[in-house]
Structure formats: structure tokens, C-alpha cells
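Below is one structure, written out as C-alpha cells; comments come after it.
Both counts, for ligands and for their atoms, begin at 1 and track the order of listing.
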Amino acid sequence: MRTALKMVLPLIVSVAVVSGLFAWYQVRTERRILRSDLARRAEILGESLQESAEPLLDHAPNKNLQKLVERFVEREHLKGVAVYDPSGKMLAITPGIATAFANWPSVVKDAAAKDKEEDAFVREKRVDSDGKETSLTLHIQACPLHRDNELAGALALFHDTDYIDVQVAHTLRDSLVNALVQTLLITGLALILVRWTFMRPLSRTAHWLRTMRTGTANGVKVLPGLPQGQGEIFDQIHQEVTHLARDLNTARAVAEEEARLRDTGASLWTAERLRVSLQNKLHDSPLFVVSNREPYMHVMNPKDRSISVLVPASGLVTALEPVLLACNGTWVASGTGSGDRETVDRNDRLRVPPDHPSYTLRRVWMTDEEDKGYYEGFSNEGLWPLCHIAHTRPVFRPEDWLHYQRINRRFADVVLQEMEGTESPILLAQDYHFALLPRMVKEARPDARVAIFWHIPWPNPEVFGICPWQRELVDGLLGADLIGFHIQTHCNNFLETVDRALEAITEWDRFAVNRQGHVTRVRPYPISVAFPENPPTEEEELRNAGMERAQICEELGIEASLLGVGVDRVDYTKGILERFRAIERFLDQYPAFQRRFSLVQIGAPSRTDIERYKNFLDEVTAEAERINAKFHSGRWKPIVFLKRHHSHEEIARYYRAASVCMVTSLHDGMNLVAKEFVASRVDDRGVLILSTFAGAALELADALLVNPYDICQLSEAVHSALEMPEAEQAKRMHWMRRAVREHNIYRWAANLLSDLTEIRIETAERTEAPQSQ
Ligand code: G6P
């Protein structure tokens, strides 16, 4: 109550002052009106008396004149009337004022002197019969009197003005009472309003903040929820504060983790460690990333033109986002969302992530024709099958190659534009879409440190030699100071390709290529995910796999006591058909698992404008339907094919609910689904079936490693996974989690960027200096 009173005190004072001023103004106006009213009445009376008195001015003393003045004495508020001759001698006067005004007052004298009506309010001092002095305010109306057009005297009317003071006093009293009542009412209402509208939500917010800060309520560790529905402004404040509090909590968790790691002597890479390390290494030179796929896509609903945000299904995006979040910078990518143009500024930039802006996304545009040639054609019908060797024939069209070159140039120009004004910038180019870009950037900015990371496999030189423009591609890549692949085999394949395709010195002993004096290092950097370091929340601890599974089955309308999960873009390299066929064989071989086990296949439709992909999507759908038709029974079916894009949060639920996760790629650079599944199993349960043809197999040796072309082996692996004792699951998962945790995305970025920053750049001014490596 005291706080509320303090809050409304300025209001009370203001209301009181305003009401007081208003009362004063009212009183002043009232007095002015009453006085001018009196003056007007006196003037009229004076004029009529003037006419009656002038003919009687003959003799003095004049009885008729005396009678005339006495007749008027009864008038309201009229104190008396007097008539004077031009010398000021009284000719007639009413008795009440005879003593006080025996001589004419100055205003009457003035009227006679100026021969014009005058009036004045005068204060008269009087001594009564007891000798007591009183004062009286009078209004005197003076009119000159004439006889034969000559001034013959003056007439004076004396009005008592006391009644004006009385009336004004009443008005003053009423106004003050009004002001008081108003002040009290407004204060009361303000108090109620402040208490209900502000004090309650504010004190709840304060309580919530305290709990958030200390992380405890009544001694129990909690992360309190946001008090909602207290009014728009409070909800906004709450939201802002939640972000702030979340940041503080994260910072606290990071600091605790850092301290813990220092204490145990472990060397783990965290977002914070990466940030600090890069700050030291980069000396504030900003980080630039260029990739074809953007991390946030804005999609416009054609019906109501509302725009929503989508995180595309891309291993590259999954991996790079945490790096950008850790070190700010600019990510250049193609704007392919239908609402992308609506959401950028006039420089085609925007800050992302949308609800926690931390770095800049610069969008680059291309026409449908360019997209068809560069993205669909050369990148995805040419390089993708070429590098994956998944038995889809690569297609190389000369017109696609032209588009590929043109778009590489466009992106290089945008990158160079973004780098303007930056000394020794660092560029991390991404993937097979930009093989030509490193040289383009390096030629214009020799001071830039340029790395390119190839996210897909690099095949052997015979296979790569199929590409009619292999020389140009390899030469473009060799413009970089550093080329990264997931695994050593890809590095070896690349060096062999260089050997065959170009004039260059391949230095096998230090894994470098010297082409025309410029040295490019070639190294393996196994990409990864951000392993969540925060301890599981109370909610996560409560929600076990069984509960999650039951809920998912309910949502999907199926009955199954064991779930498997597969998460892929629907791509012919992912071995989805092989996976389905292995499930069919498994159910044939082990019928006891029928009506018990279902595989949920999350399949994000991908590159569907390409014939091969469209057909493949149909093939996968048909295969799932065929197998389901063969086995389904009641509410159970062996395969649930969820043919749509799912967010990371949605996918995480399936990972947690599954007994087994199937990654059966026919060939894959790394495959981050395998690592995401492992990272999400805080309960140390679940089995990973992993293709030996995925780069991840080298690090996740505790998965059940399979050859996806071998359907029998794959089906046996499903059986082993579902029969695996919990202790063994826990042991395997423990080791896999350790591997992913230690080799997380921050370590990937730290190794790559640290190697890049250690490279000595030989710019024009320093060409004489010896090479460091
Ligand atoms: C792979 C590639 C990425 C690509 C992703 C999704 O992971 O290495 O560069 O972004 O597939 O493919 P998309 O064509 O949809 O970008």
C-alpha cells in the first residue's frame, strides 16, 4: 500500500494543484462578472437620476432634490445618493452617508472636472460611534449634471459591494470542496488501478525474476515458467526478460561447465570456448560463410500472405548454425523462400535467428533458369551423383556449367562486397556448389584467408575424371588456402585427383598442393553437432522413452510397443529403400515382432524439381505402401512414412522415443542424423544402426555397423538392436556419446579455423618472405 501511495503521490499533488488553480480562476471570474454587473446597473441608474436631478438644481439647499435622492435609497445594494454643486458643496444627500460623504469624493470631483461619467470601487474607513474603525468597499458612480449646457454639479451613487465579497467567498468555498472531492476520488481510483494493474503483475514479475536468478523456489531447483496473460505490455516485458534470463542462465551454465572442465582437466569445446578462442585468433576479423542453402527460409502463405520461418533440412545448416551463433559474422546464401524478399533490408540482409538475432544473413537471388542450371543441373544432377557413387548416373550439360560459373561469380562478388573495409577477412566457403568461388575471392582479396569445406564425399580420380570440367573445378578449389573433407580417404582421393588433373606439386608428406606458388592445405575435419551440455531439465528427466513412444503412437494413430526411426531428406543416396526392404525381411524372419515393431521414417521431400528425386519419392512411398499392405494388422503397420519437413524439436521427440535409429546411407560424407540421435539420448539407451559408407562410422564404432546393400545383414542388425540387453545399449551409447561430445561441432570449427588462421598469407608486399609451411 505504501509503495502504491508513493507511486500516486505525484498524481495527488498534480490533481490538487490543478483543482486549486481552477478554483482560483473561477473565483476571479465570478468577482469580475459581479463587479461589471454592478457597474452597469449603477450607470443606468445614474443616467435616469441625472435626468430627474438636473431640472431641480436651481436652489440650494433644495428640498425637491433632497426628496429625489431619498426616494432612491430603497434600491438594492444602494447605500446612498448625493448631489454636489460644481465647487463640491453638497446640495442633497441621503442620510446614511451624509457624514461620510459631506464633501465630494475624488472620483466625483474627477467626473465634474472631466465633465464625463466616472466610476470607481473605493475602500472607505469608518469610525463608528464606539470609536471602532471598520472598512467598507463601495462602488461610486459619478455623473456630471448640467444646466443650460453648463456644468451645474455632480451626482454620486454609492453602492455597497459587500454582497460581492460574500458571494465570491461562497463560490471559493464550493470550488475548494469540489477540488478536494475530486482529488480524493482520483487518488482513490488511481490507487486501486495502480494496485491491480501494476503492483500485482510487477510483484509477480519480481518474484519470477528472483526465482529465475536464484534458480530456486522454496529451496527447490526450478526454471520457472513465464507468468502469462497479465496484459500486453507485461507479456512483452516478460518475453524480453525471458530472453535476457535465458542468456544469463546459459552464460551461468557455460561458466559452470568451464569451471568443471578446468577442474577435471578435460578438454572439451563449448560455444563459449570457441567464441573466446576465435576472438583471440581472429583479432576481431569477422567471419564470413558462404553456402547455397540458407539457415532460415521465410515462407509466405499464399492465402493470407502471412510469413513463417523454416529451418531447412540440411546437415550443413545443422552444423554451421552453432558456429555462427558462437562467433557472429555474416552468412551469404541463396534466398530461395517465397517470403525471403519480404524479410530483408534494402541491402538484402537480415539478422538471425529471428527470435535471438546473433549474426547477419545476406541473401543472394537467382532466376528460375539460373537455379535450374546451377543448383538442379550442375550441382545436383552432376556433382552430387558423381561424388556419391550411388549408381545414379551424373549428368553434365554445358549450359548448366555456364550457370554454375555465373552463380559462383555472383556469390564471389557478394562475398567481396561484404568483405569491403575488412582487413584480412576469414572466409569459410561451403560445399560442392562453390568449387570455383575460392579462387575468385582469393584473386580479388589475396589478404583473405579462404577455406572451403566439402560436405560430401570426394570420389577416386577415375570417377571424378568423368566430369568434363574437372580441371576447372579442382583449379577453383585450389584458390583456397585450406580445403577440408570429413575423412582422410576423401583427402587422399582429392590429392590423387589433383595429381591426375592438373599441373601442380602434390606434397603428400604434409598434405598440401603447390600450384603456381600458392599452397593449399588439405585436411580431414569430421563435422559434428552441438552436443547439449546443459543437464537434462526436470521435464526431460520425467519424460522417459516409453512415455514419449506411447504419445507418438497415439498421435500417429498406430499401435506399437517398439519404435524405430529414420530421418532423411528423401534422397537416393540415403538407402531408404534398402532400409524398408530390411524391415520387410526382418518381419518375415522374426514374425514375433509383427504387431510390435514399427519404423517411423521422417522423410523431408528434397530437390523435387529434379526428375530422379520426384521418381524416388514416389518409389519410396510405393515401397512403404507395399510392405504395409503385406503386414498391416489392426492399428499396427510396419512403416509410417511421414513425408514432410519436420523441425529439430519435432525430430528430437522421435529420437528419444525410438529403440533403434537407422542410418543406412549408400554413401554419405558424414551423416549428422547418426550424431544427433546419439546426442539426444540423455538416457544412454537406444541402438544406432549405421552404414559403414557414412563418414560417421569411423567415429561411432559402437553403432551396429552395416552394409546397406546387404539386406540380410541389415535385417539381422534390426533384430540385434531390438534384442540388445539394456546394459549393452548403455555401454555402447555411453562411448558413442563420449565421442560425439568430444568431437562436437565447436571442435570442428575450432580445428578448421585455427588451422586457417595459422596459415601465413603471402600477399604482394610479402612475396619475398619465405613460406612458413
Ligand atoms: C547435403 C549437402 C548440403 C545441402 C543438404 C540439403 O547435406 O551437403 O549442401 O544443403 O544436403 O540439400 P539441399 O539441396 O536441399 O540444400
Please tabulate, for the side chains in residues 304-315, all donor-acceptor contacts under 3.5 angstrom to protein atoms that are two or more places apart in sequence or on a different chain.
residue: D304; atom: OD1; partner: N301; partner atom: ND2; Å: 3.4
residue: D304; atom: OD1; partner: S306; partner atom: N; Å: 3.1
residue: D304; atom: OD1; partner: S306; partner atom: OG; Å: 2.8
residue: D304; atom: OD2; partner: S306; partner atom: OG; Å: 3.4
residue: S314; atom: OG; partner: L316; partner atom: N; Å: 3.2
residue: S314; atom: OG; partner: V317; partner atom: N; Å: 3.2

- Message: For a quick test of reading the model, state the closest non-hydrogen atom pair linking V522 to C491 and the distance between them.
- Response: CG1-CB, 3.9 Å
- Donor-acceptor pair between N492 and Q488 side chains, under 3.5 angstrom: yes
- Task: Name all pairs fulfilling the salt bridge (charged side-chain N to carboxylate O under 4.0 Å, His left out) condition that reach into residues 450-465, sequence neighbours left out, sorted by first residue then second.
- Result: E462-R500
- Can you tell me which residues line ligand 1 if we count any heavy atom under 4.0 angstrom from one of its atoms, in chain and number order? R293, A313, S314, G315, L316, Y375, W384, D431, H433, H455, I456, R569, R607
- In chain order, what residues pass the side chain to side chain contact (heavy atoms under 4.5 Å, CB included) check against P425, with sequence neighbours excluded? F288, M419, T422, R445, D447, A448
- Short side-chain donor-acceptor distance under 3.5 Å, Y359 and E321: yes
